[in-house]
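The next block holds one structure in the form of structure tokens; read it before the comments.
We number each residue from 1, following the sequence as shown. Please read all numbers here as calculations on a predicted model, not as lab measurements.
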Amino acid sequence: MVRRADPTDGGIVHLLQVCNVGRILGGTAACAWTVTRCFPDAQHTLAFLSRPTAATRAAFEHCEVLAWDRVTPSLVDDCGADVVLLHNTAARSLAAELPVFTIAYVHSRIEPAAGDLTLYCSRWLASQCGADESSVLYQAVPSATRPDCSSDTRALRSDPIIGRLCTPVSHKWPEQLVGFYRDLARSHPQVEWEFVGCPTKLRTALEDACGGRARFWDADWEARSRFWQWDALLYHHPTLSESFGRTAAEAMRCGCVPIVDDRGGFVEQVAKGCGYLCREMSDFNAAIAELSDPGARRHMSRAARAHADRAFSLQRFRGELLERLDGLAHV
């Protein structure tokens with residue numbers, strides 16, 4: 001099959017990204033959106049394998065947005081792209097080898113479509129899939145839109161605000177969280193709790209568990225701005241390990257300290273002195289107790305932001321992806 005010219009000669013000219021889910025409120029589409037910002041000099045096409053929502057189309061208004069049932073060589077050829085990036089695209093969704101350089105970017109444990117290059121979003125996921133660490137490419141994560149300075153009260157308040165932001169699907173919000181937050185709230189009655197994306201059926205129970213000190217926000221693309229107002233992001237799931245868990249990196253880029261499970265991709269994001277990796281309830285309690293000191297919060301907030309600005313920058317991702325393409329083109 002004849003392939004188009006080497007895209008690394010002058011950078012990527014036209015990038016086609018394929019997403020398995022047409023919902024912007026999830027890590028896969030959020031990653032694809034960020035990739036478009038990593039290559040502002042390229043033309044962008046997004047193809048979704050489920051119907052893209054209105055919110056998704058609005059977020060990708062700077063791109064051509066398509067809805068496909070399957071990825072075929074003819075559809076890709078019609079796009080005129082010189083590189084295809086397949087986000088978590090299953091093998092069954094790819095009809096045949098594609099006529100352009102193809103990168104399979106794997107975000108969870110699936111049987112991925114074949115590409116000229118297969119990359120994984122974390123070392124943890126690569127190890128789960130039997131792949132080498134050399135195949136890992138960490139996602140880029142943008143800094144969320146910052147609210148007006150007048151609404152940033154971190155430096156003015158004595159008690160912390162701790163939030164949870166997660167995809168609004170039931171398996172990401174198990175009922176066991178109610179007891180978990182009840183125990184935390186009893187130990188730390190001064191904390192204000194916020195939840196973004198919590199299913200309606202769980203809100204009353206969580207509000208009661210938090211002693212009435214809970215606020216709820218609907219999930220939308222702009223909800224990440226809450227990271228600028230939270231002192232900490234707390235993420236715990238009793239059974240699910242996040243392959244990457246980009247909310248930790250998103251939080252750190254806003255100076256919001258992560259308090260997260262010591263599992264999965266979180267371990268690779270949270271550097272020493274930039275957050276807390278927790279295994280037991282005592283670990284979560286100790287982290288909140290330490291962050292109850294305003295001085296400790298300020299120090300760790302600055303460290304977390306500095307680390308994330310380096311580790312998850314758009315420039316870093318762009319450079320690494322182009323380097324991988326260069327190596328692929330000259331094999």
Side-chain angles (χ1 to χ4, degrees), residues 19-33 48-53 55-56 59 87-90 92-93 105-112 120-122 124-129 139 141 162-184 193-210 214-221 223-224 226-227 233-251 258-270 277-281 284:
C19 289
N20 58 329
V21 177
R23 184 180 61 244
I24 192 61
L25 300 177
T28 304
C31 180
W33 183 91
F48 293 94
L49 301 183
S50 66
R51 184 179 297 276
T53 64
T56 301
H87 289 276
N88 227 38
T89 304
R92 64 180 180 276
S93 297
Y105 197 14
V106 186
H107 297 268
S108 65
R109 292 187 65 181
I110 63 167
E111 182 185 348
Y120 297 84
C121 66
S122 69
W124 180 84
L125 180 60
S127 69
Q128 294 288 305
C129 298
Q139 297 180 33
V141 175
I162 299 177
R164 186 183 201 266
L165 184 152
C166 193
T167 308
V169 291
S170 58
H171 74 275
K172 291 290 187 82
W173 295 85
E175 291 186 3
Q176 295 97 311
L177 290 178
V178 175
F180 174 76
Y181 278 95
R182 179 175 288 110
D183 290 344
L184 289 179
W193 306 93
E194 293 197 2
F195 301 92
V196 174
C198 178
T200 302
K201 65 179 183 179
L202 207 61
R203 293 188 180 188
T204 299
L206 272 176
E207 184 173 19
D208 178 70
C210 294
R215 289 187 291 271
F216 297 88
W217 305 83
D218 291 334
D220 63 47
W221 185 239
R224 288 167 173 82
R226 301 302 304 167
F227 287 136
L233 163 77
L234 193 153
Y235 185 91
H236 166 66
H237 195 291
T239 58
L240 177 66
S241 295
E242 294 288 338
S243 298
F244 181 66
R246 65 184 276 129
T247 51
E250 289 173 324
I259 305 172
V260 294
D261 288 324
D262 189 10
R263 288 187 273 119
F266 286 142
V267 177
E268 299 164 49
Q269 295 182 53
V270 182
L277 295 169
C278 304
R279 296 186 179 184
E280 308 290 341
M281 177 61 75
F284 288 100

- Worked check of side-chain contact (heavy atoms from CB on, under 4.5 Å) between F216 and L206: CA-CA 10 Å; F216 297 88; L206 272 176; 4.0 Å; yes
- Item | Audit row: R226, L165, side-chain contact (heavy atoms from CB on, under 4.5 Å) steps and yes/no | CA-CA 9 Å; R226 301 302 304 167; L165 184 152; 5.6 Å; no
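- Side-chain atoms of W124 and E268 form no donor-acceptor pair, as typed in the model, at a separation below 3.5 Å.
- Without hydrogens or angle criteria, S50 side chain to G22 main chain gives a donor-acceptor distance under 3.5 Å.
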- Query: What do the steps show when you test L233 against F227 for side-chain contact (heavy atoms from CB on, under 4.5 Å), and what is the final call?
  - Reply: CA-CA 8 Å; L233 163 77; F227 287 136; 4.0 Å; yes
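- Proximity of a side-chain donor or acceptor of S122 to a complementary backbone N or O of F244 within less than 3.5 Å is not detected.
- A donor-acceptor pair is defined here as one N or O able to donate and one able to accept, closer than 3.5 Å; no such pair exists between the side chain of S127 and the backbone of L125.
- Using a 4.5 Å heavy-atom threshold, the side chains of Q139 and Y105 count as touching.
- A donor-acceptor pair is defined here as one N or O able to donate and one able to accept, closer than 3.5 Å; such a pair exists between the side chain of W173 and the backbone of T167.
- A salt bridge does not link K201 with E175: every distance from a Lys NZ or Arg NE/NH1/NH2 to an Asp or Glu carboxylate oxygen is 4.0 Å or more.
- Taken from NE2 in H87 to OG1 in T89, the straight-line distance is 8.0 Å, to the nearest 0.5 Å.
- Taking CH2 from W33 and CH2 from W221, the interatomic distance works out to 5.5 Å, rounded to the nearest 0.5 Å.
- In this structure, the side chains of T247 and E242 stay at 4.5 Å or more apart for every pair of heavy atoms.
- Not a single donor-acceptor pair under 3.5 Å links the side chain of W217 to the backbone N or O of A223.
- When every heavy atom of A30 is checked against every heavy atom of R224, the shortest pair comes out as CB-NH2, 3.9 Å.
- For the atom pair OG1 of T28 and NE2 of H107, the computed distance is 5.0 Å after rounding to the nearest 0.5 Å.
- A salt bridge links D218 with R203: the closest approach of a Lys/Arg side-chain nitrogen to an acidic carboxylate oxygen falls below 4.0 angstrom.
- The closest donor-acceptor contact from the side chain of E250 to the backbone of V141 lies at 3.5 Å or more, if one exists at all.
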- Task: Take L234 and L184 through the side-chain contact (heavy atoms from CB on, under 4.5 Å) test and state the conclusion after the steps.
- Result: CA-CA 11 Å; L234 193 153; L184 289 179; 3.8 Å; yes
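- The distance from the CZ atom of F195 to the CG atom of L177 is 8.0 Å, given to the nearest 0.5 Å.
- Here the shortest heavy-atom pairing between D183 and M281 reads CB-CE, 4.0 Å.
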Enumerate, atom names and distances included, each donor-acceptor pair closer than 3.5 Å involving a side-chain atom of residues 258-267, sequence neighbours excluded.
| unit_1 | atom_1 | unit_2 | atom_2 | d |
| --- | --- | --- | --- | --- |
| D261 | OD1 | H236 | ND1 | 2.8 |
| D261 | OD2 | H237 | N | 2.8 |
| D261 | OD2 | R263 | NH2 | 3.2 |
| D262 | OD2 | R279 | NE | 2.7 |
| D262 | OD2 | R279 | NH2 | 3.3 |
| R263 | NH1 | L240 | O | 3.0 |
| R263 | NH1 | S241 | OG | 3.0 |
| R263 | NH2 | H237 | O | 2.3 |

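- Between D208 and R182, the closest side-chain pair of non-hydrogen atoms falls below 4.5 Å.
- Side chain of N88 to main chain of N20: no donor-acceptor pair is present (N/O by atom type, distance under 3.5 Å, no hydrogens or angles).
- The two atoms that bring C31 and R246 nearest to each other are CA-NH1, 3.5 Å, heavy atoms only.
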